[in-house]
Amino acid sequence: MQVTSQDIEWMTRALRLGARGLYTTTPNPRVGCVIVSNGQVVGEGAHLKAGEPHAEVHALRAAAEQARGATAYVTLEPCSHFGRTPPCADALVNAGVSRVVVAMQDPNPLVAGNGIARLQAQGIAVTVGVCEAQARALNPGFIQRMTQQRPYVRLKVAASLDGRTALANGHSQWITSAAARKDVHHWRAQSCAIVTGIASILQDDSSLTVRDVNTPRQPLRVIVDSQLRIPIDAKVLQDGNALVAYAQGDAAKLEILQVMGVRTLQAPNAQGQVDLAALMQALTALPCNEVLIEAGATLNGAFLQSRYVDELLLYYAPKLMGHTARGMFALPELTQMSAVRDLNMLDVRQFGQDLRIQAKLQP
């Protein structure tokens, strides 16, 4: 069936609904659904939290008998398996919809086309690919975890215009404005985990919690701490929602951390540092869809060299801090331009006097 302008209009509405779960659906995807009959919305819904009804169920409940013969617009292929909730494909069949428009196929191997096939087997017309790019942008972490078995990783840095993140003595508060810092909390809120290094904790004693955003969920805080130097009274540990990744450390401190409810991961590499590959595997298994790195130059550089970083969030303030101030990334010297990493600019916008550059790293 040919895609119409109305299909795009209703799918756009479903995508806006799906975005309501931006901070809360993890580890599930963000999904919206709109049910239309005779050109009118008769039901709509969004998936908001794992274990709660999916978007299709909310929309079908609102539509009731008006769903019969209607068209359902769903941002992700309806599930076809029993998880915490029954299959949404069956719910659509039982409701008697005549057509289902799907933005994108579900990358979950448990679904992966089976939901679409189930609908078609019951004589329901299915259209796939309407607003697919927007649907993919809504769930980069879920898609990557399902297809590449690792989270989608963003690396955030706040810097002066000359690319410096702190004075030589470590002072850095505040480089960017309150408006820019508030924007960072939106990225924290949609992340499953925030990763930092022990140097940042020892310097700033940050809590790395979400503030200035209305969300019931706090992301897991992950501290990369090779020698287990983290103080027991560090703010980042106080609610127990933390994971300390280390290479070697004192057994007594480990026991205290575990009593506090803090998770620990021993993952040494050959250099006696934390093995980032093992850390990424652990975050995938938790499971984490999106990860935000807020660290210093050393850990930032290590993640970039590992090629685990998918996207950069660079906040630039109209300041000059000088060549002796600390840099953004500790990376080895390059001698050929062919070795330089290329970026794809996704977005540039202003917060107060500060600029935020959002860029995707090329493979």
Side-chain angles (χ1 to χ4, degrees), residues 1-26 28-81 83-108 111-143 190:
M1 184 178 293
Q2 187 174 0
V3 175
T4 67
S5 60
Q6 285 75 29
D7 289 337
I8 296 173
E9 176 185 349
W10 299 128
M11 186 61 77
T12 300
R13 181 165 176 157
L15 287 163
R16 286 198 297 266
L17 286 166
R20 291 181 181 178
L22 191 65
Y23 305 144
T24 57
T25 63
T26 184
N28 287 359
R30 302 144 183 156
V31 182
C33 177
V34 173
I35 298 176
V36 178
S37 178
N38 298 317
Q40 299 294 321
V41 174
V42 295
E44 61 184 18
H47 180 50
L48 299 178
K49 188 177 180 181
E52 294 184 358
H54 289 186
E56 299 93 322
V57 173
H58 284 301
L60 289 170
R61 286 176 180 172
E65 288 302 314
Q66 295 182 88
R68 191 161 300 279
T71 298
Y73 294 86
V74 192
T75 60
L76 186 69
E77 175 185 3
C79 61
S80 56
H81 65 293
R84 296 190 192 181
T85 58
C88 290
D90 290 352
L92 290 165
V93 170
N94 294 335
V97 301
S98 62
R99 181 182 178 223
V100 176
V101 181
V102 178
M104 63 170 288
Q105 183 174 304
D106 193 334
N108 186 345
V111 184
N114 293 326
I116 293 169
R118 186 172 296 194
L119 295 170
Q120 292 173 327
Q122 297 299 316
I124 296 175
V126 180
T127 302
V128 182
V130 177
C131 301
E132 181 171 354
Q134 295 91 324
R136 288 185 171 276
L138 186 61
N139 286 298
F142 178 77
I143 293 170
Q190 71 184 68

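All residue numbers refer to positions in the sequence shown, counting from 1.
- Remark: Asn139 engages no residue in a side chain to side chain donor-acceptor pair (under 3.5 Å) (not counting sequence neighbours).
- The side chain to side chain donor-acceptor pair (under 3.5 Å) search around Glu132 returns Arg136, not counting sequence neighbours.
- In this structure, the side chain of Glu77 engages the main chain of Asp106 through a donor-acceptor pair within 3.5 Å.
- Smallest separation of non-hydrogen atoms from Arg30 and Pro140: NH1-CD, 4.5 Å.
- Side-chain contact between Thr127 and Arg99: present, with at least one pair of heavy atoms (C-beta onward) separated by less than 4.5 Å.
- Contact of the Met11 side chain with the Thr75 side chain is registered, since non-hydrogen atoms from C-beta on lie closer than 4.5 Å.
- For the residue pair Ala89 and Arg118, the shortest heavy atom distance occurs at CB-CD, 4.1 Å.
- Listed by chain and residue number, Leu119, Gln122, Ile124 satisfy the side-chain contact (heavy atoms from CB on, under 4.5 Å) test with Val93 (two or more places apart in sequence, or in another chain).
- Taking 4.5 Å as the limit, some side-chain heavy atom of Leu76 sits within range of a side-chain heavy atom of Met104.
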Expected list for residues 62-72: side-chain donor-acceptor pairs under 3.5 angstrom, two or more places apart:
none

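- Residues Tyr73 and Thr12 have side chains not in contact (no heavy-atom distance under 4.5 Å, counting atoms from C-beta outward).
- For Gln190, the side chain to side chain donor-acceptor pair (under 3.5 Å) partners are Glu290, not counting sequence neighbours.
- Gln120 meets the side-chain contact (heavy atoms from CB on, under 4.5 Å) test with Ile116, Val126; sequence neighbours excluded.
- The backbone N or O of Ala46 lies less than 3.5 Å from no partner atom in the side chain of Arg20, so there is not a single donor-acceptor pair.
- Between Val41 and Arg13 the shortest side-chain heavy-atom distance falls below 4.5 Å.
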